[in-house]
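Encoded as structure tokens, the structure appears first; notes follow it.
From a predicted model like this one, the values you see are computed outputs, not experimental measurements. Order of the sequence lines fixes the chain letters, A, B, ..., with proteins taken first and strands second; residue numbering starts at 1 for each chain.
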Amino acid sequence: MSELLPVEVRGLVKRYGELAAVDDVDLTVEPGDIYGLLGPNGAGKTTTLRMLLGLIRRDGGTVKLFGRDPVEGVGALEDVAGFVESPAFYPYLTGRENLRLLGALDGGADLRAIDAALERVDLLDRAGDRVGTYSLGMRQRLGIASSLMRSPKLLVLDEPANGLDPAGIRDLRTLVAALPEQGVTVLYSSHLLAEVEEVCKRVAIVNDGKIAFEGRLDELRASYGSAYRIEAADPTGALELAHRVGAPQARLEGHVLWLDAPSDLVDQLSIELGRAGIAIRQLAREQRSLEDLFFRLTEDAA
Amino acid sequence: MSVFRAYGWELRKLARQKRTFAGLAAAALYALAFVITLSVKKHAGIPPDIPLAKQVTKSGVVLPLALLSFATFFGAPVISSLVAGDIVAAEDTNNTLKTILTRSTGRGAIYAAKALAAATYGIALMLTMFVVSAVGSVISWGLRGVVLLDGQHVTGLHGLGLAALAYTTYLLPLAVLVAVAFLLSTATRSSAGAIVGTVIFALALQGIAALPGLSGTKPYLLPKQFDAWQSLYGAHGESILRASWVCAIYVAVALTAGWTIFRRRDVAGA
């Protein structure tokens, strides 16, 4: 029998009145992935994660976590841990008490496992303090500890680097990077490209509730990573011609015409520009940064 | 098992919150205020329509009963909803519902554990009020015998036992207020909303019970159940059995409505 997928989402929909917060989303997270869910704030990432964890009901589609639907109840979350938005705890209990409480809700608290989880996120020395006195970064780390103590096979992290200092972010990356070797698949949601680029190999870029791209980061670079930069004597005329020859996505940035098109179309455009008497001053193929691609997929689509 | 494990932690959470002790302190102060006022102002007395009013400064076992009569109107709804009205709403305030609902304990067990904890707090409140008022009034007026409503004379110890039973009986309508506060806590997600709502609910039922032409339904309205303890003292027209099933219906309706909301609720952002 083939291994069950940690996350298999098909046609996921969540509407709030007329607004589709999540619109026909498909996600496939393979075992051992560190999978990035990337998108600007309000793109629908957290709503998607909430449906994955059974916290909100969906309006359409299917969700399977290791073959089980979270709507069935907490049994489907047996091998799953994580948090959405910032992790929340009882401020009047200590960090250790909060973990003991959550351990009890998991069927029994193993104190050694709790302390091991606290040590792993470097919180053992503050474990006896009330969570109300913790900084945002400390709460993030406690959230990670509370997830790790469940020994999950799938870890869902929503903006886990929020509030962490640079050293904390470095430690988080190291920790997350080591998880697949321990049999843990990670679904890592963030609005920060650099963060996702650092830890994830596969990503889904979400924008306006839709998946704008899903695949490996190197595939993203290969597919969308280069564009032609054309400086013409008459930029507006060049843009009109580009649209006419079949490059509707061509656009002007200042005096520069940007063209995402195969080379034969660029050849055709250069011939047409010559025929139209529009001089080409410069034509070059430029490699885009991942950041450019991210903005292109999220801002241009909007 | 998961219900009891979650219940244990609900109690621990209550034990770590100031609100819990504020409620218990209010119950104790309420009882002490009566003891001290009646001890200092020897001729103050209490309204004659309160059962056994004339004996309140003659035997230490009567004052706890007077407190029950006074509590019915305002005190019981407020103190019973202080925790019951907060126990679900606080999860919204702290944004912790998402934390506990993604562990291995189901919504049903968490709901049941919270309901049990709210009920336990109701019992703790009544116990506090009884112990403080009984100890205070026995110190002030002694453990003397008392004449019941049907004219029967009982010893002080017997009277104290009856007062304890009266408090136990009073838990029946109090459970209704706890259940209503619990429902409102779940539905409104606001502690203040739940407390105010419970007080309004209690006052509204008092108002309905006072309406003319409702004499047939009065025995089944909530205010009447607050007087059920008087049957222990020989009062006619009161029934603990009737209070038991009437209150059970109120509690069942409130808890079922709350569960319907809790089971289906979306745990979205704060």
Practice item. Quick one: which of Leu55(A), Val84(A), Leu93(A), Thr47(A) has the most heavy-atom pairs under 4.5 Å with chain B, could you say? Key: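 Max contact count across the listed options: Leu55(A).
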Point to revise | Largest heavy-atom contact set with chain B, pairs under 4.5 Å, which of Gly73(A), Pro70(A), Ser146(A), Gly75(A) | key: Ser146(A)
Revision key, fill the gap. Checked Gln17(B), Arg265(B), Glu91(B) vs chain A; the most non-hydrogen pairs under 4.5 Å come from Gln17(B)
Exercise for review: Heavy atoms only, distances under 4.5 angstrom: which of Asn94(B), Leu97(B), Leu101(B), Ile110(B) has the most pairs with chain A? Name it, please.
Suggested key: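 Most pairs with chain A among the choices: Asn94(B).
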Relative to chain A, which segment of [X] carries a heavy atom at a distance below 4.5 Å: side chain, backbone, both, or neither?
X         : value
Ser2(B)   : neither
Lys18(B)  : neither
Arg264(B) : both

[X] atom [atom1]: more than 12 heavy-atom contacts under 6.0 Å:
X        : atom1 : value
Arg10(A) : CZ    : yes
Phe4(B)  : CZ    : no
Glu30(A) : CD    : yes

Practice item. Using the six-membered ring of Tyr16(A), assess whether NZ or CZ of Lys14(A) lies under 6.0 Å from its centre and within 45 degrees of the ring axis. Key: yes
**Study point:** Geometric class of the Phe262(B)/Trp259(B) ring pair [parallel <30°, tilted 30-60°, perpendicular >60°]
**Key:**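 Answer is tilted, since the angle falls between 30° and 60°.
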If I measure from the heavy atoms of chain B, does [X] come under 4.5 Å with its side chain, its backbone, both, or neither?
X        : answer
Tyr92(A) : both
Leu77(A) : side chain
Thr46(A) : neither

Exercise for review: Using only heavy-atom distances, determine whether the side chains of Tyr188(A) and Glu195(A) contain a donor-acceptor pair under 3.5 Å.
Suggested key: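 Yes, side-chain donor-acceptor contact under 3.5 Å.
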Check your understanding: Does the side chain of Val74(A) come within less than 4.5 Å of Arg103(B)'s, by heavy atoms?
Key -> no
